[in-house]
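Structure first, commentary second.
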Number of protein chains: 2
Amino acid sequence: MTSIDDVARATGVSTATVSRALRGLANVSEPTRLRVQAKADELGYVASLTASGLATGRTLTMGVVVPSVSRWFYTTVLEGIDVVLRAANYDLMLYNLASRSGDRERVFHRSILRKRTDALIALCMEFTEPEREQLLSLGHPALVIGGPVKGMRHIGIDERGAGRTATEHLIELGHTAIAHLGGDDDEGMNRRVPLTRRLGYRDAMGSAGLPVRNEWMLSGRFSLAISRAVVTELLRRPGERPTAIVANSDEMAIGAILAAADCGISVPSQLSVVGVDNHDLAVSFGLTTIAQDPYEQGRLAASMLLDELGGAPARKSSVRAPSSLLVRTSTAPPVRR
Amino acid sequence: MTSIDDVARATGVSTATVSRALRGLANVSEPTRLRVQAKADELGYVASLTASGLATGRTLTMGVVVPSVSRWFYTTVLEGIDVVLRAANYDLMLYNLASRSGDRERVFHRSILRKRTDALIALCMEFTEPEREQLLSLGHPALVIGGPVKGMRHIGIDERGAGRTATEHLIELGHTAIAHLGGDDDEGMNRRVPLTRRLGYRDAMGSAGLPVRNEWMLSGRFSLAISRAVVTELLRRPGERPTAIVANSDEMAIGAILAAADCGISVPSQLSVVGVDNHDLAVSFGLTTIAQDPYEQGRLAASMLLDELGGAPARKSSVRAPSSLLVRTSTAPPVRR
DNA sequence: TTGAAAGCGATACCAT
DNA sequence: ATGGTATCGCTTTCAA
């Protein structure tokens with residue numbers, strides 16, 4: 001590999017000058033810069049990030065911790081982060097802290113804490129107290145997107161409000177028999193998000209004096225297929241059927257819509273469905289949902305951290321990302337009997 | 001940040017010994033090792049990867065170039081890669097070379113070529129000649145998953161065979177009016193994959209003496225929603241309707257199944273649908289498909305590169321990943337009229 | 001088994 | 001505007 005010395009030798013200037021010239025610093029004469037650049041190109045020289053990282057203390061890398069990479073929300077946030085990083089010439093180190101918790105400690109020590117990154121974004125992760133301390137002691141800017149984590153600032157929508165608004169929408173349409181499709185997430189992720197959304201559902205039901213039926217509290221585990229199965233089972237039960245379902249995510253809501261189709265139950269006339277997210281597929285299914293914009297959340301998070309790395313004062317407080325009810329065609333008043 | 005010197009000082013040994021002790025090298029007495037480790041833990045010392053990377057020339061990082069992170073195939077490969085890397089204490093640098101081609105050169109020079117990674121995996125990417133040369137001149141092991149790239153070894157299924165097998169399955173069932181749902185991929189990705197699969201479709205149609213109708217060659221752009229719309233349009237056209245559809249991916253195939261439902265056309269009795277992939281959702285839709293295992297492909301790729309980094313001889317040739325027809329309930333003989 | 005010291009490849013300060 | 005050189009934090013001979 002050609003090093004800076006090779007370029008310096010070939011050009012007949014010092015390595016200091018080569019370094020300055022290539023980085024576009026001010027105090028280099030134009031002719032020199034051109035000569036250096038020409039030689040560097042000719043030799044195919046590219047500065048080693050490892051070396052300059054050691055010298056400058058900056059890695060030009062941002063770490064992103066995700067619980068999984070197979071969910072729309074995460075990948076969309078990731079793309080938002082990515083686009084900002086690329087514009088700033090930053091790289092993205094992906095830490096996929098999947099469900100198996102055994103790896104977590106290793107990843108923490110061997111990777112995250114090894115000064116490989118200048119800043120860190122965590123998506124919907126839960127952290128143990130020691131983990132959090134270690135993160136903070138690293139001393140570089142960090143941020144959580146999705147679920148709030150005690151002691152760390154975060155970016156996220158009003159989860160409880162989302163659950164409440166979705167439910168209120170159905171209540172306003174006249175529904176009283178409203179099921180909830182929630183369900184815990186995988187291990188290691190932030191369980192608070194689904195719980196909080198469900199809390200919002202309970203809020204709305206309570207305020208309206210409507211009963212929350214235990215047998216109508218379903219778990220779709222954030223999966224379309226599982227939700228489809230679970231809701232199919234619900235719809236086929238003998239006895240009273242709910243006229244509406246509040247789902248904790250669009251993927252689950254779509255599962256519910258498909259389940260209805262499987263059972264010959266028409267949406268929205270016989271069953272209304274609301275989700276949360278505004279997933280890519282939501283429009284195709286006419287899904288009414290609490291829309292949020294994870295791409296924008298990712299962009300915001302990355303920008304904030306980059307600004308702070310650039311010397312801007314860190315904002316201590318969390319940021320509430322916007323979300324709003326988006327009515328499509330999966331919700332309607334219940335049929336009178 | 002505590003450095004190795006701090007630990008050395010605190011323990012009363014040399015940095016050399018600290019380094020050896022912490023890495024578990026042989027020539028350190030047990031008492032010393034314990035003392036060092038205790039001190040290191042106490043001080044919260046973690047070796048800087050930047051520094052050790054400079055010293056050893058290894059970054060313990062693998063670069064992964066993806067065209068997008070929002071498609072099942074890519075993320076599944078990614079997870080396969082990830083699990084192998086984690087087991088080997090390697091990190092994953094994600095290069096999301098999305099469609100906008102403007103960034104590519106920058107990413108190449110500022111990131112990929114900057115010796116930040118020990119090896120590189122590219123997913124379904126196309127490379128220009130100069131890009132390829134630069135990659136190879138980097139001198140570290142590289143591999144392509146998905147679409148073959150001239151001059152680089154790759155891991156992937158028999159794409160043409162997949163298209164052929166899918167089509168032959170329908171022909172064997174008695175279908176003759178078979179549409180194709182393909183469509184180019186986004187810019188910068190390997191366009192050869194969809195084209196090659198379609199070639200397989202043409203092969204099968206040709207061998208069976210069946211006509212390939214231009215108006216039945218659809219473009220679903222690898223998107224469920226777009227495929228759903230496009231197929232809906234097809235099914236609503238006046239005149240003869242195909243009795244079967246070969247889709248280039250399961251996501252598109254599912255779009256076709258939903259389109260059929262939208263049009264009141266039942267699958268498989270009035271319309272058979274085959275896909276490629278064995279997507280997570282395929283089973284939920286009873287989708288007949290050419291199954292492949294991207295997770296395993298990712299694992300294999302990562303293992304191969306890791307082995308080579310460990311000194312194993314590099315295998316020059318490409319690897320054909322397995323794929324096979326998986327018959328579910330979305331295909332059946334056509335209805336006689 | 002342990003330590004001293006020479007790199008690794010850049011950056012940045014201080015001279016010139 | 002340019003060059004010399006200490007420095008970043010760790011690894012790795014080579015000696016002891």
Side-chain angles (χ1 to χ4, degrees), chain A residues 1-37 39-40 43-61 89 109-110 113-118 138-140, chain B residues 1-37 39-40 43-61 89 109-111 113-118 138-139:
Chain A
M1 283 282 78
T2 61
S3 74
I4 194 171
D5 293 294
D6 302 326
V7 181
R9 214 169 299 127
T11 325
V13 298
S14 70
T15 62
T17 301
V18 173
S19 177
R20 286 187 286 245
L22 258 27
R23 284 180 302 155
L25 297 195
N27 34 357
V28 178
S29 74
E30 207 45 34
T32 309
R33 155 164 300 123
L34 290 176
R35 266 184 25 233
V36 171
Q37 251 157 4
K39 267 300 172 212
L43 298 177
Y45 168 74
V46 188
S48 152
L49 229 264
T50 313
S52 74
L54 183 56
T56 61
R58 328 189 78 223
T59 60
L60 297 183
T61 301
N89 283 328
H109 281 84
R110 291 238 344 97
L113 299 176
R114 289 197 78 178
K115 304 157 194 165
R116 318 203 54 174
T117 55
D118 295 340
L138 247 184
H140 65 208
Chain B
M1 283 281 79
T2 61
S3 75
I4 195 170
D5 293 292
D6 302 326
V7 181
R9 214 168 299 127
T11 325
V13 299
S14 70
T15 63
T17 301
V18 173
S19 176
R20 285 187 286 243
L22 259 26
R23 283 180 302 153
L25 297 195
N27 34 357
V28 179
S29 76
E30 207 45 32
T32 310
R33 153 164 303 123
L34 291 176
R35 266 182 28 230
V36 170
Q37 251 156 4
K39 268 298 174 211
L43 299 176
Y45 168 73
V46 188
S48 151
L49 229 263
T50 314
S52 71
L54 181 55
T56 60
R58 328 189 79 221
T59 60
L60 297 183
T61 300
N89 283 328
H109 281 85
R110 291 238 343 98
S111 300
L113 299 177
R114 290 196 77 178
K115 304 157 196 166
R116 318 204 53 175
T117 56
D118 295 339
L138 246 184

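Every chain is numbered from 1 and lettered A, B, ... according to where its sequence line falls, protein lines coming before strand lines. Heavy atoms only: backbone and side chains are in, while hydrogens, waters and symmetry mates are out.
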Distances for protein N or O near nucleotides 1-4 of chain D N or O, under 3.5 Å:
unit_1	atom_1	unit_2	atom_2	d
dT2(D)	OP1	S29(A)	OG	3.2
dT2(D)	OP1	T32(A)	OG1	2.5
dT2(D)	OP2	S29(A)	N	2.9
dT2(D)	OP2	S29(A)	OG	3.3
dT2(D)	OP2	T32(A)	OG1	3.2
dG3(D)	OP2	S14(A)	N	2.7
dG3(D)	OP2	S14(A)	OG	3.2
dG3(D)	OP2	T17(A)	OG1	2.9
dG3(D)	N7	R20(A)	NH2	2.9
dG3(D)	O6	R20(A)	NH1	3.2

message: Quick check: closest heavy atoms across R20(B) and R33(B), and the distance to 0.1 Å?
response: O-NH2, 4.1 Å
field: Rounded distance (Å) that lies between atom C1' of dA12(C) and atom CZ of R23(A)
entry: 8 Å
message: How many whole angstroms separate atom CG of D5(A) from atom C1' of dT11(C)?
response: 13 Å
statement: Taking every heavy atom of R114(A) against every heavy atom of L60(B), the minimum-distance pair comes out as NH1-CD1, 4.5 Å
- prompt: Given atom CZ of R116(A) and atom P of dC10(D), what is their separation to the nearest angstrom?
  reply: 14 Å
- request: Of all the heavy-atom pairs spanning V36(B) and L22(B), show the shortest one and how long it is.
  value: CG1-CD1, 3.6 Å
- line: Between the NE2 atom in H140(A) and the OG1 atom in T117(A), the distance rounded to the nearest 0.5 Å is 4.0 Å
- prompt: Given atom CD1 of I4(B) and atom C1' of dG3(C), what is their separation to the nearest angstrom?
  reply: 13 Å
- prompt: To the nearest 10 degrees, what angle separates the axes at the start and end of the helix from dT1(C)-dA16(D) to dT16(C)-dA1(D), five pairs each?
  reply: 30°
- prompt: Taking all atoms of both residues into account, what is the closest heavy-atom pair of S14(B) and A8(B), and its distance?
  reply: C-CB, 3.9 Å
task: Take A51(B) and G53(A), find for each the nucleotide of DNA chain C with the closest heavy atom, and name the residue whose nucleotide sits nearer the 5' end.
output: A51(B)
- prompt: Going from CG on L49(A) to CZ on R58(A), what distance comes out if it is rounded to the nearest 0.5 angstrom?
  reply: 11.5 Å
message: Rounded to the nearest 0.5 Å, what separates atom OG1 in T17(B) from atom CZ in R35(B)?
response: 9.5 Å
- prompt: Which whole-number value in Å describes the distance from D6(B) CG to dG9(D) P?
  reply: 9 Å
message: Quick check for you: among dC10(D), dC8(D), dT11(D), whose closest atom lies nearest to any side-chain atom of L54(A)?
response: dC8(D)
message: If you assign A55(B) and R114(B) each to the DNA chain C nucleotide with the nearest heavy atom, which residue ends up on the more 5' nucleotide?
response: A55(B)
- line: Checking dC8(C), dT11(C), dC10(D) against the side chain of A47(B) (C-beta onward), the nearest is dC10(D)
message: Taking 4.0 Å as the cut-off, does a side-chain nitrogen or oxygen of R58(A) come that near to OP1 or OP2 on dT11(C)?
response: no
- line: L25(B) CG to dT2(C) C1', in whole Å, measures 13 Å
message: Can you tell me how far apart CG (D118(B)) and OG1 (T56(B)) are? Round to the nearest 0.5 Å.
response: 8.0 Å
- prompt: Distance from R9(B) atom CZ to T2(B) atom OG1, nearest 0.5 Å?
  reply: 11.0 Å
